[in-house]
Visitor: 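One structure, pasted below without further comment.
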Amino acid sequence: MEEWDFDFGLKNRGRIMELKEKPIYMDYSSTTPTDARVLNAMIPYFVNDFGNPHSSHLYGVEALKAVKLARERVAELIGAASEEIIFTSGATEANNLSLRSCAELLLRQGKNHLITTGIEHKSVLETFKYLSRNGFEISYLKVSEEGLINLADLKKTIKSNTGMVSVIAANNEIGVIQPIEQIASICKERNVLFHTDAVQAVGKIPVNVRKLEVDLLTLSGHKMYGPKGIGALFVSRKLIYKLKPIIFGGDQEFGIRPGTVPTPLCVGLGEACMILMSESEEEAERLYSLRNLFLSRLKSYCPGFKVNGSLKERLPGSLSISFDGVDAEALIITIKNKLAISTGSACTSTSIEPSHVLLEIGLDEEIAESTVRITFGRFTTQTEVEEAVNILSAAVVNMRKLYR
Ligand code: PMP
């Protein structure tokens, strides 16, 4: 296996190359680079050990062994059992599978009321929209200015025909963390299934499905330094054999998700989980300090901004900032050769509408349109943070002068 090693990557905590000629990357919520250690682990399964894990000959057996180990690692990271992990093509598919498959099951039990929030990712919101056209009533919980749902509202919204609640664990635009454990406990008490889209939370804050007592949980490889094109759905033991597929084909993944399992991607996700198990705690502290440094410098260099959402219940490396009197799109374009940040979710970046998350937390359209998302990650350095504040504040000060 040595022959595939990218030594240059391993020297620098898994960073594959120095991106010297590129703008500083501060959009880790949109995607993360694949860690070189992850890439190293994957390569043999593209080339030598390429068998179909569903074949019974030696090639297949080798691949199946690798998929099995990867499944165990994903399970271990979130405190699940490996037979509770379904590999999917990503979180979009995992969210669709989770919600649509449960909805079908619930309809058979006469439960056609579902609950979610207005700040979910599009893959959840659009699936609920589809379900609302197909016999379901959907209730959308409001969030406070802090970006948090109200547990009393949730209790009031659950009815006798409520079958499932789905609440995002940590928001991809504002980074606010919901009280998942309390939500799960309310759902359990009322005999309602609970799904959480934990794409942004897994690997950044502790996520343990047993402790949280969630029924279903979604994660995605490319948000955790794994490859793109793979995700996983955790489904609790009591539920997994009751679910039906939403696409049809073979009987892979417990008969719930047909299609050849992509061995190299599974191995990559497993390796990414292993790295997170040993590094995420320390990394969270590092990111938290970087975030504080960023904010304190920004305050002195360019006052006149607001951080959106709770500062306390927040992912360590996430910031959503509205700059008074600045158009966010123009700002991002002005600095695009030096600093890569975004206005919000990459999945809605072609939309000209202001972010639904920012409107839900009560920002008016003008303020929403002056908001940028800045997210730090594994390869963000203190020098980059200092440089980013310089770039951003110079541009903001300049733009304010021009507008005036
Ligand atoms: N949910 C959340 C919270 C996300 O941030 C994303 C990615 N933007 C997704 C789901 C979709 O993930 P994927 O790209 O793996 O389909």
Visitor: What I want to find out is whether E104 reaches R100 closely enough, with some N-O distance under 4.0 Å, to be called a salt bridge.
Guide: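 No salt bridge links E104 with R100.
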Visitor: Using a 3.5 Å distance criterion without hydrogens, assess whether the side chain of R400 forms a donor-acceptor pair with backbone atoms of D324.
Guide: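 Yes, the answer is positive, given that a donor and an acceptor are paired below the 3.5 Å cut-off.
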Visitor: Within the side chain of S101, is there an N or O that forms a donor-acceptor pair under 3.5 Å with the backbone of K244?
Guide: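 Yes: the side chain of S101 pairs with the backbone of K244.
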Visitor: Would you compute the distance between atom CG of L77 and atom CG of L219 and round it to the nearest 0.5 angstrom?
Guide: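 Going from the CG atom of L77 to the CG atom of L219 covers 7.5 Å.
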Visitor: Write down the atom of Q200, the atom of S29, and the distance for their closest heavy-atom approach.
Guide: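 Taking every non-hydrogen atom into account, NE2-O, 3.0 Å.
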Visitor: In Å and rounded to the nearest 0.5 Å, what is the CD to OH distance from E62 to Y45?
Guide: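 E62 atom CD to Y45 atom OH measures 7.0 Å (nearest 0.5 Å).
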Visitor: Mind checking what makes side-chain hydrogen bond (donor to acceptor under 3.5 Å, both in side chains) contact with E120, not counting sequence neighbours?
Guide: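 Scan of E120 (side-chain hydrogen bond (donor to acceptor under 3.5 Å, both in side chains), adjacent residues dropped) gives T117.
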Visitor: Are H195 and T218 close enough that a side-chain donor and a side-chain acceptor fall under 3.5 Å?
Guide: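 Their side chains do contain a donor-acceptor pair, which is all the 3.5 Å distance test asks for.
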Visitor: Q178 side chain to G147 main-chain N or O, any donor-acceptor pair under 3.5 Å?
Guide: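 Side chain of Q178 to backbone of G147, a donor-acceptor pair under 3.5 Å: yes, one is there.
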Visitor: Would you give the length of the straight line joining atom CD of E253 to atom CD1 of I85, rounded to the nearest 0.5 angstrom?
Guide: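 E253 CD to I85 CD1: 10.0 Å, rounded to 0.5 Å.
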Visitor: If every non-hydrogen atom of L131 is compared with every non-hydrogen atom of L114, which pair is closest and at what distance?
Guide: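 Smallest heavy-atom distance, with atoms named: CD1-CD1, 3.8 Å.
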Visitor: For the atom pair CD (E93) and CD1 (I230), what is the distance rounded to the nearest 0.5 Å?
Guide: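 These two atoms lie 10.0 Å from each other.
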Visitor: Which heavy atom of S220 sits nearest to which heavy atom of A91, and what is that distance?
Guide: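 Smallest interatomic distance, heavy atoms only, reads CB-CB, 3.7 Å.
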Visitor: Please tabulate, one pair per line, all N/O donor-acceptor pairs under 3.5 Å involving side-chain atoms of residues 294-305, not counting sequence neighbours.
Guide:
residue : atom : partner : partner atom : Å
S296    : OG   : N292    : O            : 3.3
S296    : OG   : L293    : O            : 3.2
S300    : OG   : S296    : O            : 3.4
S300    : OG   : R297    : O            : 3.1

Visitor: What's the spacing between L287 CG and K204 NZ if we round to 0.5 Å?
Guide: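 Between L287 CG and K204 NZ, I get 9.5 Å after rounding to 0.5 Å.
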Visitor: Taking the side chain as everything from C-beta on, heavy atoms only, tell me whether L154 gets closer than 4.5 Å to V165.
Guide: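 Yes, their side chains come closer than 4.5 Å.
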Visitor: Apply side chain to side chain contact (heavy atoms under 4.5 Å, CB included) to residues I138 and K129 and explain how you reach the verdict.
Guide: CA-CA 8 Å; I138 318 291; K129 239 194 235 172; over 6 Å; no
Visitor: Could you tell me whether a side-chain N or O of H54 sits under 3.5 Å from a main-chain N or O of D251, the two making a donor and an acceptor?
Guide: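 Not at all, since once roles are kept as given, no pair shorter than 3.5 Å links the two residues.
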Visitor: When you measure from the side chain of R257 to the backbone N and O of I247, does any donor-acceptor pair fall under 3.5 Å?
Guide: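 Such a contact is absent between R257 side chain and I247 backbone.
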Visitor: Parallel under 30°, tilted from 30 to 60°, perpendicular over 60°: which one fits the rings of Y225 and Y28?
Guide: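 Answer is tilted, since the angle falls between 30° and 60°.
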Visitor: Parallel, tilted or perpendicular: which one describes the rings of F128 and Y140, with boundaries at 30° and 60°?
Guide: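 If you compare the ring of F128 with that of Y140, the planes turn out perpendicular.
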Visitor: When rounded to the nearest 0.5 angstrom, what is the spacing between CD1 in I341 and CZ in R373?
Guide: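 Reported to 0.5 Å precision, the distance equals 10.5 Å.
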Visitor: Restricting to non-hydrogen atoms, name the atom on E283 and the atom on R378 that form the minimum distance, rounded to 0.1 Å.
Guide: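 Where E283 meets R378 most closely, the heavy atoms are OE2-CA, 3.1 Å.
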Visitor: Looking at residues at least two apart in the chain, or sitting in another chain, which of them share a salt bridge (Lys or Arg N to Asp or Glu O under 4.0 Å) with E360?
Guide: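 With sequence neighbours excluded, E360 shows a salt bridge (Lys or Arg N to Asp or Glu O under 4.0 Å) to no residue whatsoever.
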Visitor: State whether D215 and K238 are salt-bridged, where the test is any N-O pair (Lys NZ or Arg NE/NH1/NH2 against Asp/Glu carboxylate O) under 4.0 Å.
Guide: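 Here D215 pairs with K238 in a salt bridge, since their nearest N and O are under 4.0 Å apart.
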Visitor: Any non-hydrogen side-chain atom of K312 less than 4.5 Å from a side-chain atom of E146?
Guide: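 When only atoms from C-beta onward are counted, E146 and K312 do not touch, as no gap falls below 4.5 Å.
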Visitor: State whether E279 and R286 are salt-bridged, where the test is any N-O pair (Lys NZ or Arg NE/NH1/NH2 against Asp/Glu carboxylate O) under 4.0 Å.
Guide: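 Answer for the salt bridge query: no.
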